[in-house]
Amino acid sequence: MALRLHNTLSQQVEVFTPSERNTVRMYTCGPTVYDYAHIGNFRTFTFVDILRRCLRLNGFALEHVMNITDVDDKIIRNAVAQGKTLAAYTAVYTQAFLDDCAALRLELPERLVRATEHIEDMLLAIGKLGESRHTYASEGSVYFRIATFPEYGKLSHNDFRGNIAGARVDVDTYDKADARDFALWKAAKEGEPFWEGALGPGRPGWHIECSVMALKYLGETLDLHAGGVDLVFPHHENEIAQSESLTGKPFARFWVHAEFLLVEGQKMSKSLGNYFTLRDILARGYTPEAVRYLLASVPYRKSLNFTFDGLKSAGTAIDRLRNFKLRLETDRLPDGASEVWSARTASAQGTFRNALDDDLNTAEALAAVFEYLRDANTAMDSGEFRAGNAPAALDLLTAFDAVFDVLKPSAAAGQWSDAEIEALIAERAAAKKARNFARADQIRQQLSDQGILLEDTKSGVRWKRK
Ligand code: AMP
Ligand code: ZN
């Protein structure tokens, strides 16, 4: 079965293959490094990571570029307020972003590119757009005239005809003005850092940065461009207008967008104040793997409602997977192999892969693994699942972990939270009640490995850290 992805451009789920040879040339919009990223941002970056891994699972090589937006209004405002250079200010948050990516096991793109290192390329592109009359200047800034790009709206499926004459919006983000012309080059304001160039002192707009860096490193037509759903309009629509006006070619064959992470029904965002950074969550004792699991577990085209209960369940799910792996590696199983279980394992592998190929349906992929795990645990207890079945079951976990990547505990994760410990103790009690003593002993061992001692008393189980 081939990989299928939902393409925002066609609004269809289509079979995805790279246009040339076997390498996927893809661009994803990266963070604006004015502050720590929140886990809403990381929902989108985790989706990109899952996408990368699934592309590789399909045998494709990757040439992936992601930008770091290290110049914008907020960055300038904050850097000026703190008396820092842009570079000194953004270095802190760029590093924090990379650290968080590492904690969440997000693979780095083949090329991570900074906007401020491509100002010359942007000036050249804006100049070229000017030569072909796609721009106009006003008060030291240069704007893209959307009326010169009749296909504007083809990605967001908005019909802007009659709505885009003349006027302009002097902000990076769409601010509900009627006019959608946007700044390519913004005139320097008093006291702000700027670049000198043919267009006069100023700095680039946000949209031009992505077009220029994508075209520079990946060529005129990308295989795939991705980001959060908020970027469809105006950012990606503007990228298309600029890039296609420059090259006369389609900018990207596939556009793939992840839905939001929500808190109580609202988008997690800095401006609403309803956000958590990864650091906030780790400080509460959750592991980065639990965060990763939670972010990956909801298919990217569904919004993900963030709750701490969800995070706890993610931790429990990971424990179950790790325990199952431990069992496969250490249980003394009867010799031989059960044909029924050989077939069952192969079928779970197939279901797992098909679910991911089906527009990265991570929820179904996980369901396939957990259904298998539950039945295999029972079959191990009854002796039906034999030693010869273990290698294929471990292969299934390897395939699972090639995408989800949560089985190995983080060295830096430190201590387990009380809630996680208590959940495991409850699971141990349930295992004992079901006379599954092997499982109960495993949990004791697992807790002991983490420095937690259990004491069975008349009034229940007490625990303490060693
Ligand atoms: P920014 O750093 O604001 O440029 O955003 C980085 C990425 O995070 C973009 O791809 C956004 O679409 C994405 N993003 C922002 N808020 C959320 C959210 N609540 N849920 C999912 N993705 C988001
Ligand atoms: Zn972008």
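First listed ligand is number 1; within each ligand, the first listed atom is number 1.
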What are the polar N/O contacts of ligand 1 with the protein below 3.5 Å, with distances?
| unit_1 | atom_1 | unit_2 | atom_2 | d |
| --- | --- | --- | --- | --- |
| ligand 1 | 2 (O) | T32 | N | 3.0 |
| ligand 1 | 4 (O) | T32 | OG1 | 3.1 |
| ligand 1 | 5 (O) | N41 | ND2 | 3.4 |
| ligand 1 | 8 (O) | N41 | ND2 | 3.0 |
| ligand 1 | 10 (O) | G228 | N | 3.3 |
| ligand 1 | 12 (O) | G228 | N | 3.4 |
| ligand 1 | 12 (O) | D230 | OD1 | 2.3 |
| ligand 1 | 12 (O) | D230 | OD2 | 3.4 |
| ligand 1 | 19 (N) | L261 | O | 3.2 |
| ligand 1 | 19 (N) | M268 | O | 2.9 |
| ligand 1 | 20 (N) | G40 | O | 3.3 |
| ligand 1 | 20 (N) | L261 | N | 2.8 |
| ligand 1 | 22 (N) | G40 | O | 3.0 |
| ligand 1 | 22 (N) | T44 | OG1 | 2.7 |

Decide if atom [atom1] of [X] counts as having more than 12 heavy atoms of other residues, nucleotides or ligands within a radius under 6.0 Å.
{"X": "Q82", "atom1": "CD", "answer": "yes"}
{"X": "K270", "atom1": "NZ", "answer": "yes"}
{"X": "E120", "atom1": "CD", "answer": "no"}

Which single N/O/S atom of H235 lies at minimum distance from the Zn ion (ligand 2)?
NE2

Could you tell me which N, O or S atom of E239 is nearest to the Zn ion (ligand 2)?
OE2

Quick one: which of M268, R43, E259 gives a side-chain contact (heavy atoms from CB on, under 4.5 Å) with L304?
R43

Looking at the Zn ion (ligand 2), is there an N, O or S atom belonging to C29 that lies under 2.8 Å away from it?
yes

Carefully, step by step, assess F324 and F400 under the rule ring pair (Phe, Tyr, Trp, His ring centres under 6.0 Å).
CA-CA 13 Å; F324 180 55; F400 159 82; over 10 Å; no

Would you mind telling me which of W185, F144, F182 makes a ring pair (Phe, Tyr, Trp, His ring centres under 6.0 Å) with H207?
F182

Of the options H236, H64, H235, which is the one that meets H225 in a ring pair (Phe, Tyr, Trp, His ring centres under 6.0 Å)?
H236

